[in-house]
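Numbering starts at 1 and runs along the sequence shown.
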Amino acid sequence: MAHKERRINIVPFKFDTPSPDDMVATGLKSSRNVRKDVHIAEKKVMDNDNFITEKDTTTDPNSPVKLNEFGESSKGVSVDSQNKTLSLDHELQHLSLERKPQKSKAKIKKPVSLSLYKPEPWMLQREDEDIPRQLNLAIVGHVDSGKSTLCGRLLHALGRISKKQMHKYEKEAKEKGKGSFAYAWAMDESADERERGITMTVGVAYFDTKNYHVVLLDSPGHKDFVPNMISGATQSDAAVLVIDASVGSFEAGMGVNGIGQTKEHSQLIRSFGVDNLIVAVNKMDSVEYSKERFNFIKSQLGTFLRSCGYKDSAIAWVPMSAMENENLMAAASDTRLSSWYDGNCLLKAIDTLPPPYHDVSKPLRLPICDVISSHTLGQVAIGGKVEAGAIRSGCKVLVMPSGELAVVKTIERNSSSCNLARAGDNVAIGLQGIDPSHVMSGGVICHPDYPVSVASCLELKILVLDITVPILVGLEFELHIHHAKVSASMVKILSLLEQKTGKASKKIPRFLTSRQTAVIEVKLEKEVCVEEFSNLKALGRVSLRSQGNTVAVGIVSRVREQA
């Protein structure tokens, strides 16, 4: 009986307005109109203490009678209501109850014109400040050319590795049956690197010369780890290209079947802005310090380097042997070498490199190389090179592409705490007031009022390298820009540039082949922080890699507006 009483007191839902289930099933025209209609219906019901509504005078008396789920009769939905429902249903056909991922654009203050930017006095270095000039030096070259051994030998000779530590390396290397790798272990610290006998990540070390505080970036030479090598190349001011002089090894680096890492590394470091190069022709002891062998290497490689855009005046050639410490720290002592070579040793060649130019007059730009874990820096810490402007403890910065503000808590340069860093400095920075999920490798720390551009569509001016398969529209590749790595595709060839004049040819090709220069449009899988090359070179250089090979290098000529 109680059940019957409940049924008697509850009047069936009035069907001249859609029920909540109808709203989901058939859709309504707009939430505003729906809420208004429902509110009116509810008001009519609630006005009656017995929850009984008045008769709907708009219902056609001739409309068919329908039975509800309880077997009770109710009037059909009015024509007007049906029309509304059909209209609403049509409008909501393209809506989905699922939440679609949207491009998260940070609500960033509209950037002020860069022409209005003026550096603050603390950013500029005073003449009385005794700070040694920093030189970021990348060590690159084909696998097994002796890069890590050269770095370890240099650091040991300069006193950066103690005798005790060196003895430990020698002992451990012999136990593993890799006695000749002792010096390399000073740079290759991970178990995997030591087991395989190759460098896999960029090793960082420091030493001082008469003119510079040198940051040594020992880059991997193996083909599988070129993306890691790019990470080092993007931070460098100059480079040492290490060549294995032994017969067969030099030729392998130049690429007998396809491109070798000597060629690829040369192209990559040039594309990332390295103008000054030291070619260290290593392992000369294996060819008896032969002048003929050295000249052959210089002739073959020199021709290729000139094709990459290097000037002869910007290339220094140094024959040496890192393992024998010959022509590394001091002039050659072996008569087989000193009889025909009287140039600089490697250390002096480094010290005589022209000083790099670092721009502090532009707004802060610090590409994030690594998100690091550090007790001294705090929960959120990053590492990278200041490419423009300056940064100091306590200042507010904008972290892109998330668009989140943070405060600089601490700064470390060369593993020592400092108050500020300027363009050219490699630093580790602790941030506070920001969630760690908003900080990522490939992002950029910048001035709050002058954010870096963020885009997913770019116009690039590229040089196609020595490739065997033409580049077609639609090609999917991996695009590297500063420390960001993103999947991309070529959507259009805008123009082909004539090599002699640089002018666009009238005919637009359907594909690109080796050594062609072109302007293309690319679409990225996700947005990246980027600047046009004309505004900031460091954030406007790119390399394109496909199937484990670098297929093109170039610059960002235009950042296209987001659709």
Side-chain angles (χ1 to χ4, degrees), residues 136-155 180-181 183-184 186-188 193 196-205 214 216-256 258-272 274 276-287 293-294 296-298 300-302 304-305 308 310 314-323 327-328 346 349-350 353 465 543 549-550:
N136 300 302
L137 188 67
I139 310 296
V140 299
H142 192 65
V143 64
D144 289 337
S145 58
K147 297 182 297 298
S148 296
T149 297
L150 184 153
C151 292
R153 193 67 144 124
L154 201 58
L155 293 170
S180 62
F181 285 77
Y183 287 107
M187 302 301 294
D188 299 338
E193 288 179 314
R196 295 180 63 178
I198 59 173
T199 302
M200 297 163 69
T201 59
V202 177
V204 182
V214 180
L216 205 60
L217 303 166
D218 179 27
S219 305
H222 196 279
K223 183 179 179 179
D224 292 348
F225 305 107
V226 169
N228 293 343
M229 173 266 166
I230 290 172
S231 178
T234 55
Q235 299 179 70
S236 58
D237 301 310
V240 176
L241 176 62
V242 184
I243 303 297
D244 185 344
S246 56
V247 178
S249 296
F250 166 69
E251 288 75 10
M254 293 298 287
V256 178
I259 188 169
Q261 294 334 110
T262 297
K263 279 187 174 182
E264 186 171 13
H265 284 205
S266 302
Q267 291 166 333
L268 284 170
I269 57 176
R270 184 70 188 91
S271 73
F272 283 107
V274 174
N276 297 288
L277 186 67
I278 297 171
V279 181
V281 185
N282 193 25
K283 302 187 182 182
M284 283 294 290
D285 55 309
S286 66
V287 292
R293 180 62 175 171
F294 176 78
F296 172 77
I297 292 171
K298 186 175 180 180
Q300 293 285 311
L301 182 57
F304 177 75
L305 292 177
C308 294
Y310 288 100
I315 305 173
W317 298 84
V318 181
M320 56 169 289
S321 172
M323 188 61 74
N327 209 33
L328 185 69
L346 181 63
I350 293 171
L353 285 167
L465 304 181
S543 64
N549 294 309
T550 304

Test log, rule side-chain hydrogen bond (donor to acceptor under 3.5 Å, both in side chains), inputs Gln267 and Glu264
CA-CA 5 Å; Gln267 291 166 333; Glu264 186 171 13; over 6 Å; no

For Leu268 and Ser543 the tightest heavy-atom approach is CD2-CB, 3.8 Å

Distance from Cys308 atom SG to Leu465 atom CG, nearest 0.5 Å?
8.0 Å

Using modelled atom types only, decide if a donor and an acceptor are shared between the side chain of His265 and the backbone of Val140 within a distance under 3.5 Å.
no

To the nearest 0.5 Å, tell me how far Ser148 OG sits from Arg153 CZ.
15.0 Å

From the list Asn282, Val242, Leu241, side-chain contact (heavy atoms from CB on, under 4.5 Å) partner of Lys147 resolves to Val242

Contact check, side chains of His142 and Asp244, non-hydrogen atoms, under 4.5 Å
no

What residues, two or more places apart in sequence or in another chain, satisfy side-chain contact (heavy atoms from CB on, under 4.5 Å) together with Val279?
Ile243, Leu277, Val281, Leu301, Leu305, Ile315, Trp317

Applying side chain to side chain donor-acceptor pair (under 3.5 Å) to Ser321 and not counting sequence neighbours gives Asp285

Minimum heavy-atom separation for Ala280 and Leu150, please, with both atom names.
CB-CD1, 4.4 Å

What pair of heavy atoms forms the shortest contact from Asp144 to Lys283, and how long is it?
O-NZ, 2.8 Å

Salt-bridged, Arg293 to Glu251, with N to O below 4.0 Å?
yes

For Ile269 against Ala239, the heavy-atom pair lying closest together:
CD1-CB, 3.8 Å

Taking the side chain as everything from C-beta on, heavy atoms only, tell me whether Gln300 gets closer than 4.5 Å to Phe250.
yes

Short side-chain to backbone donor-acceptor contact, Thr149 and Gly146, under 3.5 Å
no

Nearest heavy-atom pair of Phe304 and Ser266: which atoms, and what distance?
CE2-CB, 4.0 Å

Out of curiosity, Leu328 CG to Met323 CE, how far, rounded to the nearest 0.5 Å?
11.5 Å

Could you list the residues that satisfy side-chain contact (heavy atoms from CB on, under 4.5 Å) with Asn327, not counting sequence neighbours?
Val318, Pro319, Met320, Ala332, Leu337, Tyr341, Cys345

Step by step, would you call Leu216 with Ile139 a side-chain contact (heavy atoms from CB on, under 4.5 Å)?
CA-CA 7 Å; Leu216 205 60; Ile139 310 296; 3.7 Å; yes

Between Ala205 and Leu155, the two heavy atoms sitting closest are CB-CD1, 3.6 Å

Please determine which of Asp237, Val274, Val214, Asn276 meets the side-chain contact (heavy atoms from CB on, under 4.5 Å) test together with Leu137.
Val214

